[in-house]
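The structure under discussion appears below in the form of structure tokens.
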Amino acid sequence: MLITLYDIVVVFFGFVLDTFFREIKSRGSHKIPEEGPLIFVAAPHANQFVDPLILMRNSKRPISFLIAEKSMKRKYVGTIARSLHAIPVIRPQDSGVPGKGKIYLSDRKNEPLLISGIGTKFTEQLKVGGQISLPNDRGSSEVTDIISDTKLKIKKEFKDLKALEMLTQPEGTTYNCLPHIDQSKVYQAVFEVLNAGGCVGIFPEGGSHDRTEILPLKAGVTIMALGAMAANSKLNVKIVPCGLNYFHAHQFRSRAVVEFGSPILIPRELVEKYRKGGQNKRDACSDLLGIIYNGLKTVTVNTPDYETLMVIQAARRLYRPEHHKLELPEVMELNRRFVGGYMNFKDDLRVQQMNKEVMVYNQQLKNYGLKDHQVQKTAYGGFRALFLLLHRIFLLILWSILGFPGMILGFPIMVIARVISAKKAKEAVKSSSVKVKGRDVLATWKLLVALGVTPIFYGIYTLIILVIAYNNNWRFILNFGILSPIVVFIILSVITYGTMRLADTGLDIYRSLRPLFLSLLPWSKSSIQNLRQIREKLAFDLTELINELGPKIYPDFDAARIVQESKKASRSPSPSRPPSRPSSSLRLLSLTDLMDDKLFNWEKAEDSDYDDVFFFLDKHDGGKITGRSRSNSSSRRLSSGKDGASSSASLTRVNSFNSINSNLEAFTQLPKTNTISSFNVPEVRITDDDGYQGDKENSIQTKKNV
């Protein structure tokens, strides 16, 4: 098979991604058709330039992604994009110019479409079909009529509260004039790729963001699919929904899951409606956009707010049996199923009470500085815990010594990447109305800065070592002659890679120290035991509730499982007590028992580590979204639970919980037609035929429409 430049670039960036991410899991790649035209629609667009790289790395077929022409003009990004066969898109906002004067709404109630100006030159700067946009991406609207230099009419009124606040100020607000962009060249380029049997990739949300739900979809993808099939009756375009799920995505050595859904077959009747034009065309696009929206829901985890997401993840961890570790794709699937069940029964009083108790438990974990999977491990005290603690401290010191040279080499690069990416995140938040903290751009800029700075620093390191080797006559380096610089560079790279691997293990060891330390403190034993009992009761009550409510929405509740039930349920020991041992007081622990590091699983990350802080929200601020949170996020507050009741789980009940441990292993498979049935497809109206308008970020406060 012929190796192309595309393959070389994808392999290179695959290595870069494997360096930045600790683990990238792919699920459902077998569903991707091996031939024929495809459109990959991916969401959520949570990691800017990293998202398409991950998709290309895990897809079996080459993908041509749409990219802003502005990005194509950048020196390095443009070169990479052209090598990856990217299709440039001219966005109106990239060609906009500041408007003269200021604009305001003279009569908001009676004439919301009439825009008035103070010192404006509408006849000179705008044309019918162009747009006016407000600062900080607070919305834009098409110009339908230019009455004079100070009066014009727009196609749709501004509904965002901050936009209305700007437009109703006595002094008015600044604005930008955006030209009408003819996107026929973009569509033609897409049609050519599809007619050749190729693949096109697009993020239908438009711009990247760091929210917990899919943003309103743009109509461009439907026009591309239906337009191609309408122009070529023999063409059969399929749409593959792709879910991008990150865990601490902005952090170095984090994890990601990319999931490919079942291909969407475009009904021929929609193509016929599209051919008729007018309202039929808009209805066809609306129907297809709804199908795509449903498809994306099956491969993503979406919750209305951050608090709900935290409850869902905590409940999933409580539901997982102690003896079973979930893989990343299983974690995502179980999260999705929990979201579906929660959204169906969120008004049930028992579910609401469970919600409160889980949030209280989460707060208690935070107070103790523990992860959920560490709670049951605090039962081990005495000599064994002391030995494990000392053993791991020794390993941590050893790993730190071995990794110190690599840490010194990489420290300047990490600092520069961190500073520049943080600056870019702040700039992104200021220029967008949908970003929370701008963390969707952090990983991108860290990678870009590292790619640019690393060769420079390692070149300097190589030069310094060669000078030292020459002055001290280090023959083991100088004997390589002209290849000496390459040899030194390779040695430095190996040291850095080894340090990175040691850092992964060292971080796991460090995280395992706290439960060991707490288990050795005499004054903390009672409170820690109380926490274990609270967890046991929560797990039992949650399982009972799921077993009761699950079959009501999932008919095959007991048939389809993420983890198949074992033939014979094993009774695991109660987490509140250490495993039973021979009663002989003279029994001595073997060395292998003392050094059994599987006890705290530091060598293999628990699934609870995957999502303690999902997406990009800072755990240090209590998980609160400041400044730009959704309005309904504030409706849920941490409620004080009945600690006394929670901690009074009887041993009988605990044993009952252990006896049904095998039932904890699964949640039933969601219906194939609509994985999350409680999420309704948003009403989608195609109000115009302006075509694909690029990656414009509209305010999520507006209704989900196009």
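Computed from heavy atoms alone, side chains included, the values below leave out hydrogens, waters and symmetry copies.
- Between Leu296 atom CG and Glu205 atom CD the span is 8.0 Å, to the nearest 0.5 Å.
- Between Phe20 and Phe252, the angle of the ring planes goes over 60°, which puts this pair in the perpendicular group of the 30/60° scheme.
- Heavy atoms from other residues, nucleotides or ligands lying under 6.0 Å from CZ of Arg253 number more than 12.
- Enclosure of atom OH in Tyr6 by more than 12 non-hydrogen atoms of other residues, nucleotides or ligands within 6.0 angstrom is indicated.
- At a threshold of 4.5 Å between non-hydrogen side-chain atoms, the residues Phe13 and Met56 do not count as touching.
- Interatomic distance, OH of Tyr497 versus CG of Asp18, reported as 8.0 Å (0.5 Å rounding).
- A side-chain donor-acceptor contact under 3.5 Å links Asp51 and Tyr246.
- Taking the six-membered ring where the residue is Trp, Phe40 and Phe260 present perpendicular rings, their angle passing 60° and hence far from 30°.
- With a 4.5 Å cut-off on side-chain heavy atoms, Lys31 and Val240 do not count as touching.
- Between Leu507 atom CG and Arg22 atom CZ the span is 7.0 Å, to the nearest 0.5 Å.
- Checked against the 6.0 Å centroid criterion, the rings of Tyr461 and Tyr458 qualify as a close aromatic pair.
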Any chance you could lay out the side-chain hydrogen bond (donor to acceptor under 3.5 Å, both in side chains) test for Tyr274 and Asp287, step after step, and finish with the verdict? CA-CA 11 Å; Tyr274 183 88; Asp287 293 342; over 6 Å; no
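- For the atom pair CE of Met224 and CD of Gln183, the computed distance is 8.0 Å after rounding to the nearest 0.5 Å.
- Between the CD1 atom of Ile413 and the OG1 atom of Thr496 there is a distance of 7.5 Å, given to the nearest 0.5 Å.
- Taking NZ of Lys60 as the reference point, atom CD of Glu34 lies at 5.0 Å (rounded to 0.5 Å).
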